[in-house]
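Each remark here refers to the structure printed beneath this line.
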There are 4 protein chains.
Amino acid sequence: MSHAPFRDAPRTGRPRSAAADRAIVAATRQALAELGWSGLTMAEVATRAKVAKTTLYRRWPGKNELVVDSLAAVFEEHLELPDSGGLAADLAGVVRSFAALLELPEIRTALMAVVAEATRDPALRARIRDAIVDRQKALVLLGRSRAQARGELPPEPDPETAARNADLIFDVIAGTVVHRALVSNEPVDGAWAADFARLLLTGLTGLTGVTGLAPRTATDRR
Amino acid sequence: MSHAPFRDAPRTGRPRSAAADRAIVAATRQALAELGWSGLTMAEVATRAKVAKTTLYRRWPGKNELVVDSLAAVFEEHLELPDSGGLAADLAGVVRSFAALLELPEIRTALMAVVAEATRDPALRARIRDAIVDRQKALVLLGRSRAQARGELPPEPDPETAARNADLIFDVIAGTVVHRALVSNEPVDGAWAADFARLLLTGLTGLTGVTGLAPRTATDRR
Amino acid sequence: MSHAPFRDAPRTGRPRSAAADRAIVAATRQALAELGWSGLTMAEVATRAKVAKTTLYRRWPGKNELVVDSLAAVFEEHLELPDSGGLAADLAGVVRSFAALLELPEIRTALMAVVAEATRDPALRARIRDAIVDRQKALVLLGRSRAQARGELPPEPDPETAARNADLIFDVIAGTVVHRALVSNEPVDGAWAADFARLLLTGLTGLTGVTGLAPRTATDRR
Amino acid sequence: MSHAPFRDAPRTGRPRSAAADRAIVAATRQALAELGWSGLTMAEVATRAKVAKTTLYRRWPGKNELVVDSLAAVFEEHLELPDSGGLAADLAGVVRSFAALLELPEIRTALMAVVAEATRDPALRARIRDAIVDRQKALVLLGRSRAQARGELPPEPDPETAARNADLIFDVIAGTVVHRALVSNEPVDGAWAADFARLLLTGLTGLTGVTGLAPRTATDRR
DNA sequence: CACTAAGCGAGACGGTACGTCAAGTCTTGCA
DNA sequence: TGCAAGACTTGACGTACCGTCTCGCTTAGTG
């Protein structure tokens, strides 16, 4: 956990309970799912975790940080990218992976809220980047390197371009999925993921035609 | 304003002050820019607008709705799409238009916050859609119809596909710009907009190569 | 009540509830009697008075001031000195009057506590003086002036001496009764009051002899 | 110290540090003087005494008892009555001795506070009596027995009367001095002590006249 | 022109959550 | 076992904001 103290100075006194840490994070996720971001209170979390409010504040500066770390735990356990053997399928896999997270009520209700809070709090922004965003970006980078190894994508000419392209692709994938799920409030199902993957691979001009060639079936929907 | 009462029943009594409406919305934007979403209070808005707190609650159900309407006013005055004569340029225009809004502190700090609130409040979600999202989407639709008129994009085979494609493209554009600006917290400058437009038009495979052909200059950045 | 606002400026807005004031003071006395000074909490008072905690803090800066005003109300309704026709009887009357107050559990538990708090808070000290001590002192002054009118005590030669003597006599009477009741924790009954009055009138040397001349009876005790 | 463990059972394990006891009491007095009763915390005492909080609780049941014992230490080192050769002077000596203690900030701020606490705690009341009040009363008794030995006061006819008178005189002296110092918040100087002694010896009627005969000078004040 | 039905500013009100603090207990490791 | 360090539970603290209310006043139309 990012708030863990350095163990350089051999700490004295009673050590912090690791079980409490786990209980608090779990309670936060549960309360978030039930009550939503603005309904979440520190006292409620404390009660559910069977822990005193002071224990919360000893470990996290406030609600924002606690929620970021709790969301991070969800990302940590859910994000993975099985090698599906092809770029298009890997792409759909990333999209599905992101979308699955955004279906969780605790993520739906809290992710954008902490992003909004972070606009006025650089430390929180860094925490979000380290704990959440970078974890997602790693998935995208993994997919690209696999595609390049397979020869589906050309290798980057130089590291700077590589980074710039990676950032762009990541913003496109993550941003689009988030917008679909949270703003447009539409399901991210297999059909949509396929459409999105096709658009990403072939660009706008290829969009309509290909769709026409492979009409969807009802069973295509999740 | 979307909360305006129906004029069917010819209202009696003293009419509401239109000046107050304007002052409140302006005060909300200003306070949002200075204090951020979570620092914004109804009392503060009332004070700045030189209005009583009761006047606020007489017109808006709460903070969420007041902010959505205030944000909507900003979108209304800023969003436009001058015809630049080509799809790529129109695309860049839409991106720049969205990005310009996301540079405003009141939008940065509040847009994602109300989206987050809306996850648990369908009425608020509808309000956001009507007042903000549909206004953005209209821009994207306008760009597509222009491109189709010019022959740069094929006409849609049927209305359902047209709607599905429009939704997808809109989520890609709006989502990507928002993610770049608010989550990645990087500037949406001309160079990035050009990269993004190229990706949208030609797809992933075209990305690296084209970039290599047209190396950027320093003056290209905003 | 000493915190009442001046009515010079014609007050606007909703007026404060006088009933709330009364309920709060009554609740404070009751809670003090049941829970003692250190057991008294603002929340408990608020609950008993069926009033919000904020209402308490809107009217009193804190627990100390609330308690002083509540004690003052008790003093106001209890302190009086019926004219008994003679100095000795008047003296006993004052003693009994003070003692009766000190038998009330809310006074027992709180009077010395606020005095202790006041050692570090001049404003609180002034409040105690105005609301409580001066009320007691007025009784002593009344007794003296009656005695002087009857010729039982000589008139004071000058105002300064008069004030100094009054202060001294007051400290003797009030201090002694308080010490007997709260520190020695012994009852202030009729017999003790008579002993004390005799000591005050005749001094130490007269103490033992007179007691011997007028042996007490069981009915003499309160 | 009244909390000292019995040495009957030959105690095992590491013995308690006597130095810690002294450091704690000293730290309590110092903290009391600086922070006042309500500002005093166990943690602060522990820090100042360079001792763990647990050590405090191992030796005293709580804050009240710790403070009583610390005040008792002050009384123990300060209270004494040099034989001045006459009743009036001895009386003034007792008054001055009490007053000197009440000038100490730790006593001013804490004495009445523990008395107030004691109204709801018989054990604390007993502790105060044994550790503080009886020590003061011994001084008064000593003064009386000297006066009786000198013939300035008549011997008591019987032990019961002796005790009753002693209690009364003690309440008068201690109560008056405390009231002057803490409630009226006026200095207990030589002039006031002389006035008080005169009143005690001759009673109320003698008060005004004698004062008139011996007008004070400025140098008479402390 | 008076009546009347709102609107309006000021501020009290009952609530709820905040983040802090103190009391007193418990846990660890060292002496 | 004593002790230092410090985590822990409990619960009060005082503040801030919420959304509602009460009051005295103003401002249109309507009768």
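Note on naming: letters A, B, ... go to the chains in the order of the sequence lines (proteins, then strands), and numbering restarts at 1 for each one.
Residues B:Lys53 and D:Thr54 each lie close to DNA chain E; by heavy-atom proximity, the contact nearer the 5' end of the strand is made by B:Lys53. Take the nearest nucleotide of DNA chain E for A:Pro61 and for B:Ala20: the residue whose nucleotide is more 5' is B:Ala20.
Among the atoms of the strands shown, only primed sugar atoms or phosphate atoms (P, OP1, OP2) are found under 4.0 Å from some heavy atom of D:Lys63. Residue contacts for C:Lys50: at a heavy-atom cut-off of 4.0 Å it reaches the sugar-phosphate backbone alone, with no base atom in range.
Atom P of nucleotide E:dG14 and atom CG of C:Leu56 are separated by 10 Å, given to the nearest angstrom. One interatomic measurement links the two molecules: CZ of D:Arg58 to P of E:dT27, which rounds to 14 Å at whole-angstrom precision. Distance D:Tyr57 OH to F:dC8 P: 18 Å, rounded to the nearest Å. Between the CG atom of A:Leu66 and the P atom of E:dG19 there is a distance of 11 Å, rounded to whole Å. The CZ-P distance, from A:Arg59 to F:dG6, rounds to 15 Å in whole Å.
The side chain of D:Thr55 places no N or O atom within less than 4.0 Å of a non-bridging phosphate oxygen (OP1 or OP2) of F:dG2. C:Arg14 has no side-chain polar atom (N or O) that falls below the 4.0 Å cut-off from OP1 or OP2 of E:dG14.
Remark: B:Glu34 engages B:Arg48 in a salt bridge, criterion side-chain N to carboxylate O under 4.0 Å. Using a cutoff of 4.0 Å between basic side-chain nitrogens and carboxylate oxygens, C:Asp21 and C:Arg16 are not scored as salt-bridged.
Closest contact between the side chain of A:Ala43 and the listed nucleotides E:dA12, E:dC18, F:dT26 involves E:dC18.
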